[in-house]
Student: 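What follows is a structure written as structure tokens; I'll ask about it next.
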Amino acid sequence: MLWSLLKILVFVAIIALLAFGAGLLMETAGGVQITVAGTEYTLGALQSVIALGVLVFGVWLFLKLLSLLVATLHFLNGDETALSRYWDKGRERKGYQALADGLMALASGEGRLALAKAARAEKYLQKPDLTDLLVAQAAEMSGDTRKAAEAYKRLLSNQPTRFVGVRGIMKQKLSEGDTETALQLAEKALALRPKHEEVQDTLLRLQAQAEDWAGARKTLSTKLKTGTLPRDVFKRRDAVLALSASKGILDEGATVEQQEQAIEANRLSPDLVPAAAMAARAYIAKGKKRPAARLLKKTWESQPHPDLAHAFAEIEPEESAAERVKRFDQLARLKPQDDETRLMMAELNIVAEDFPEARRWLNDLAERAPDARGLTLMAAIERGEGAGDKVVQGWLAKALTSPRGPQWVCDSCNHIHAEWAPVCEHCASFDTLSWKRPETPEVASLAAAHMLPLIIGAPEEKVSEAVEEAEVLESSQEPVSEAQEQIKEPN
């Protein structure tokens with residue numbers, strides 16, 4: 001309504017200005033004298049302006065007719081498209097200008113303007129292979145997903161633009177959460193463009209989410225063949241996929257194929273902890289204890305890990321505590337200064353009731369890098385050596401409110417996982433889990449706070465005394481966390 005009113009006002013203003021100018025010209029004295037064939041013509045000021053306008057129009061019309069004549073001559077000489085090109089030249093110029101304006105608007109983030117320019121370009125050019133993509137992207141930017149889907153579907157009908165249409169619909173399905181349809185579209189897109197890295201990564205991630213390990217390994221091989229993945233990374237990720245395919249190895253119905261896949265995963269990436277543990281268990285199931293011990297030692301030398309220690313213990317499940325300490329000394333000698341080695345040997349010596357040796361292994365670990373596991377071991381050592389209840393309770397209180405130590409953490413989103421998985425459960429990234437301490441220290445939960453009285457065997461109002469007792473044992477630590485402050489406040 002306002003726009004229509006504005007146009008009317010502008011039109012009236014232009015008419016008024018023209019009438020005012022014509023009045024001034026009529027009142028102006030003088031003019032132009034033209035002599036033609038001995039005849040003299042005198043034009044007034046207004047007539048001179050009108051004659052100039054007619055002359056300009058005449059020249060423009062002459063040039064147009066001359067261009068038409070040239071196009072006609074070309075047509076008569078056998079150029080069948082000469083006349084159609086002549087008539088379409090103006091439309092193409094307007095269409096390409098609208099297309100350029102639409103691309104600029106799209107790059108500037110102006111979705112509505114880009115959509116309007118795309119519609120104008122579509123009207124003048126009549127070339128869907130050029131305008132449909134602009135229409136689809138402009139519609140997506142402006143939030144019109146239905147119009148975008150229609151444009152992508154039109155792109156499917158044309159072979160040169162088919163890949164663009166499949167990829168566009170795939171991305172729409174991903175944003176809608178329809179991963180099953182997106183997986184099928186990703187497979188079609190990869191068949192059309194096997195070297196497209198984004199489609200390769202999307203398909204690999206979707207196959208891993210759907211636990212299609214065979215398909216994921218095939219896609220990974222495609223990435224290697226097309227040069228979008230280094231060979232060392234390929235070996236690591238292929239091992240991850242082989243390991244994932246053998247996850248049911250400990251089930252009663254585990255097949256020989258699953259056991260072989262676990263062994264293959266360890267062969268492809270010997271430093272992959274879950275693969276080593278799984279392969280060792282596969283060897284143990286076959287009665288091959290020496291190969292199991294050998295590969296566990298090799299991986300332990302690369303990265304000590306509790307899962308490796310558990311698998312190493314399964315090699316001789318019936319041995320005594322003293323025999324286990326002696327056998328595990330083979331692992332300890334590989335990385336004697338590593339924190340995991342020291343914690344492992346401390347645990348084994350506690351079970352064997354050799355508390356001085358357990359303290360020697362633990363040494364200053366509880367003070368240098370305190371976590372729930374190390375502090376709990378200190379409580380067990382103190383109890384075994386006959387320390388008083390307050391000392392033991394202090395260590396347990398600190399253990400309950402301390403970080404849990406190294407865990408499986410996603411490198412992409414820092415999400416903490418209870419156990420290793422090929423795909424992050426939080427951000428769906430593939431092969432991003434690393435065994436490390438979380439960057440942000442964990443904070444004890446309120447549930448842990450309520451468990452403290454049960455552990456230390458005292459009323460809740462005396463819990464703070466136990467925590468203070470534990471803090472005295474480690475004066476170099478930073479101030480207590482927010483959760484510990486909550487524990488100290490009596491209810």
Side-chain angles (χ1 to χ4, degrees), residues 208 232-247 249-250 262-263 265-282 292-315 328 330-348 361-362 365-366 368-377 399 402-443:
D232 57 339
V233 179
F234 165 78
K235 287 184 177 180
R236 155 85 185 190
R237 294 189 174 177
D238 196 32
V240 170
L241 294 172
L243 173 64
S244 302
S246 63
K247 286 288 283 185
I249 190 173
L250 297 181
I263 296 172
N266 178 255
R267 180 183 60 79
L268 293 170
S269 182
D271 61 341
L272 183 60
V273 169
M278 196 75 72
R281 292 187 172 98
R294 185 166 56 249
L295 72 87
L296 288 173
K297 290 177 185 178
K298 184 176 180 180
T299 309
W300 186 274
E301 195 170 7
S302 173
Q303 183 183 8
H305 192 279
D307 289 351
L308 300 177
H310 293 160
F312 198 72
E314 293 174 17
I315 295 176
F328 267 75
Q330 302 173 49
L331 288 182
R333 286 198 302 268
L334 298 174
K335 279 288 189 76
Q337 299 303 319
D338 188 86
D339 289 352
E340 180 57 39
T341 299
R342 295 166 66 181
L343 288 168
M344 175 191 71
M345 294 305 295
E347 288 177 346
L348 293 175
W361 275 105
L362 206 57
L365 188 60
R368 178 174 54 79
D371 56 35
R373 185 179 171 194
L375 295 171
T376 303
L377 292 178
S402 296
R404 291 168 53 193
Q407 296 171 76
W408 289 113
V409 182
C410 176
D411 295 331
S412 297
C413 65
N414 292 322
H415 182 71
I416 301 173
H417 295 69
E419 59 181 14
W420 180 87
V423 180
C424 175
E425 62 185 19
H426 184 257
C427 67
S429 299
F430 175 70
D431 188 27
T432 56
L433 267 63
S434 300
W435 181 256
K436 59 184 181 181
R437 292 180 181 270
E439 293 180 3
T440 303
E442 302 162 273
V443 178

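These figures come from a predicted structure and were not determined experimentally. The analysis underlying the following values was restricted to heavy atoms, covering all of them including side chains, and did not include hydrogens, waters or symmetry mates.
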Student: Would you find a donor on one side and an acceptor on the other, under 3.5 Å apart, between the side chain of T341 and the backbone of Q337?
Tutor: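 Judged by distance alone, no pair lies under 3.5 Å.
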Student: Would you please name every residue forming a side-chain hydrogen bond (donor to acceptor under 3.5 Å, both in side chains) with W361, sequence neighbours left out?
Tutor: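 W361 satisfies side-chain hydrogen bond (donor to acceptor under 3.5 Å, both in side chains) with E357 once adjacent residues are dropped.
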Student: So does E347 pair up with R373, basic N to acidic O under 4.0 Å?
Tutor: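 So E347 pairs with R373 through a salt bridge.
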Student: Going by ring pair (Phe, Tyr, Trp, His ring centres under 6.0 Å), name the residues that satisfy it together with H426, two or more places apart in sequence or in a different chain.
Tutor: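 For H426 the ring pair (Phe, Tyr, Trp, His ring centres under 6.0 Å) partners, ignoring immediate neighbours, are H415.
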Student: Test: salt bridge (Lys or Arg N to Asp or Glu O under 4.0 Å). Region: residues 424-437. Which pairs qualify, not counting sequence neighbours?
Tutor: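 For residues 424-437: R236-D431, R237-D431, D371-R437, D411-K436.
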Student: Using the rule ring-ring contact (aromatic ring centres under 6.0 Å, His included), only one of W420, W300, W435 pairs with H305; which is it?
Tutor: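 Per the ring-ring contact (aromatic ring centres under 6.0 Å, His included) rule, the option paired with H305 is W435, out of W420, W300, W435.
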Student: For the atom pair CG (L308) and CD (E301), what is the distance rounded to the nearest 0.5 Å?
Tutor: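 L308 CG to E301 CD: 12.5 Å, rounded to 0.5 Å.
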Student: Apply side-chain hydrogen bond (donor to acceptor under 3.5 Å, both in side chains) to Q330 and list each qualifying residue two or more places apart in sequence or on a separate chain.
Tutor: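 Testing Q330 for side-chain hydrogen bond (donor to acceptor under 3.5 Å, both in side chains), a comparison that skips the adjacent residues, returns K297.
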Student: Minimum heavy-atom separation for C427 and C410, please, with both atom names.
Tutor: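 Smallest heavy-atom distance, with atoms named: SG-SG, 3.7 Å.
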Student: So does K298 get a backbone contact from the side chain of S302, meaning a donor-acceptor N/O pair under 3.5 Å?
Tutor: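 Flag not set: sc S302 to bb K298 has no pair under 3.5 Å.
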Student: Test of understanding: with ring pair (Phe, Tyr, Trp, His ring centres under 6.0 Å), list the residues that count as partners of F328, not counting sequence neighbours.
Tutor: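 Once residues adjacent in sequence are excluded, the partners of F328 under the ring pair (Phe, Tyr, Trp, His ring centres under 6.0 Å) criterion are F312.
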Student: Mind checking salt bridge (charged side-chain N to carboxylate O under 4.0 Å, His left out) for D339 and listing every partner two or more places apart, or none if nothing turns up?
Tutor: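 Salt bridge (charged side-chain N to carboxylate O under 4.0 Å, His left out) list for D339, sorted by chain: R368.
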